[in-house]
Enquirer: 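One structure follows; several queries about it will come next.
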Amino acid sequence: MEKVKGIVKKVCTREVIFYIIFGVLTTIVNIIVSYILKALFKIEGNIASTIGIICSILFAYFTNRKWVFVSNANNTKEKLGEFGKFILGRAFTMLIEIIGVFLLNDVIHMLYGLLSDNMAYLINKCIITVIVIILNFFVSKFFAFRK
């Protein structure tokens with residue numbers, strides 16, 4: 001039991017807790033924007049997903065910089081470098097997300113036929129988003145906002 005408490009204490013740091021909170025909010029931005037564009041405005045799913053990702057990346061940068069990783073960048077050059085690394089990392093995970101959504105929805109057709117097209121799309125988008133959230137933590141911590 002003490003080992004479990006030690007692991008929980010090591011994992012549940014302020015940084016991780018804030019990342020989870022803002023990660024959930026970032027995910028909500030991504031999914032809501034994507035779903036609204038697809039369901040209400042009839043924008044093709046991959047384009048809707050890409051726009052949702054871009055909106056969530058901008059939201060994530062500002063929240064991660066200020067509250068999660070508490071950036072120490074002071075001057076414009078440091079801030080631009082940090083932003084550039086953040087965007088580069090997110091471009092990498094955005095590519096993973098775009099490919100993942102494409103594979104699940106357009107190649108494998110996962111859940112299509114079992115659910116409505118919009119609901120299948122939404123669930124598949126959520127599955128890929130969870131994978132991307134985990135990748136983004138490590139990219140941000142060890143690349144973009146490295147102390």
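Computed from a prediction, not measured in an experiment: that's the story for all the values here.
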Enquirer: In terms of hydrophobic clusters joined by side-chain contacts under 4.5 Å, are I123 and I108 together?
Expert: yes
Enquirer: Grab the two heavy atoms, one from A39 and one from K42, that are nearest each other, plus how far apart they are.
Expert: O-NZ, 2.9 Å
Enquirer: Could you please spell out the steps behind the side-chain contact (heavy atoms from CB on, under 4.5 Å) verdict for N136 and Y19?
Expert: CA-CA 10 Å; N136 282 335; Y19 185 79; 3.2 Å; yes
Enquirer: Looking at K79 and Y61, what are the two nearest heavy atoms and their distance?
Expert: O-OH, 3.8 Å
Enquirer: Please examine the side chains of K66 and S71, heavy atoms only from C-beta on, and report whether any two atoms are closer than 4.5 Å.
Expert: no
Enquirer: Linking I/L/V/M/F/W/Y whenever their side-chain heavy atoms sit closer than 4.5 Å, directly or via other members, would L80 and F86 fall into one cluster?
Expert: no
Enquirer: Measuring from atom OG of S49 to atom CG of L37, what distance do you get when rounded to the nearest 0.5 angstrom?
Expert: 10.0 Å
Enquirer: With rounding to the nearest 0.5 Å, note down the distance linking CD in E15 to OG in S140.
Expert: 9.5 Å
Enquirer: Please report the interatomic distance OG1(T50) to CG(L95), rounded to the nearest 0.5 Å.
Expert: 10.0 Å
Enquirer: Heavy atoms only: give me the nearest A60-R90 pair and the separation to one decimal.
Expert: CB-NH1, 3.4 Å
Enquirer: Are side-chain heavy atoms of T63 and L25 found at a separation under 4.5 Å?
Expert: no
Enquirer: Do N124 and I127 pass the side-chain contact (heavy atoms from CB on, under 4.5 Å) test, and can you show the C-alpha distance, the side-chain angles, and the key distance before you say yes or no?
Expert: CA-CA 5 Å; N124 289 336; I127 291 167; 4.3 Å; yes
Enquirer: For E97, is there an ion pair with K125 - N to carboxylate O distance below 4.0 angstrom?
Expert: yes
Enquirer: For R146, I'd like to know if atom CZ has over 12 heavy atoms of other residues, nucleotides or ligands within 6.0 Å.
Expert: no
Enquirer: How about N64 and F18: do any of their side-chain heavy atoms sit closer than 4.5 Å?
Expert: no
Enquirer: Enter the distance from T26:OG1 to I21:CD1 here, rounded to the nearest 0.5 Å.
Expert: 11.5 Å
Enquirer: Check step by step if side-chain contact (heavy atoms from CB on, under 4.5 Å) holds for Y112 and N105.
Expert: CA-CA 8 Å; Y112 284 80; N105 288 304; 3.0 Å; yes
Enquirer: Identify the two heavy atoms, one from S34 and one from Y121, that lie closest to each other, and give their separation to 0.1 Å.
Expert: CB-OH, 3.8 Å
Enquirer: Taking CZ in F137 as the centre, count heavy atoms belonging to other residues, nucleotides or ligands within less than 6.0 Å. Is the count above 12?
Expert: yes
Enquirer: Consider only side-chain heavy atoms of I, L, V, M, F, W and Y, link residues closer than 4.5 Å, and tell whether I54 and F41 are in one cluster.
Expert: yes
Enquirer: Might you point out which heavy atoms bring F62 and L58 nearest each other, and give the distance in Å?
Expert: CD1-O, 3.1 Å
Enquirer: What is the distance from atom CD1 of I57 to atom CG of N30, rounded to the nearest 0.5 Å?
Expert: 8.5 Å
Enquirer: Side-chain heavy atoms nearer than 4.5 Å, only ILVMFWY residues, links allowed to pass through others: does that put I128 and I134 together?
Expert: no
Enquirer: Taking atom CD1 of I96 and atom CG of L135, what is their separation to the nearest 0.5 Å?
Expert: 5.0 Å
Enquirer: Determine whether K85 and L88 satisfy the following criterion, side-chain contact (heavy atoms from CB on, under 4.5 Å), listing intermediate values before the conclusion.
Expert: CA-CA 5 Å; K85 288 192 282 185; L88 185 62; 5.5 Å; no
Enquirer: To check you understand the geometry: which heavy-atom pair defines the closest contact between K38 and G45, and what is its length?
Expert: CD-CA, 3.9 Å
Enquirer: Quick one about N118 and Y35 (side-chain donor to acceptor, distance below 3.5 Å, no hydrogens or angles considered), yes or no?
Expert: no
Enquirer: Can you name the one residue among V24, V29, I31 that meets side-chain contact (heavy atoms from CB on, under 4.5 Å) with T27?
Expert: I31
Enquirer: Any link between F142 and V139 through a network of hydrophobic side chains (Ile, Leu, Val, Met, Phe, Trp, Tyr) touching at under 4.5 Å?
Expert: no
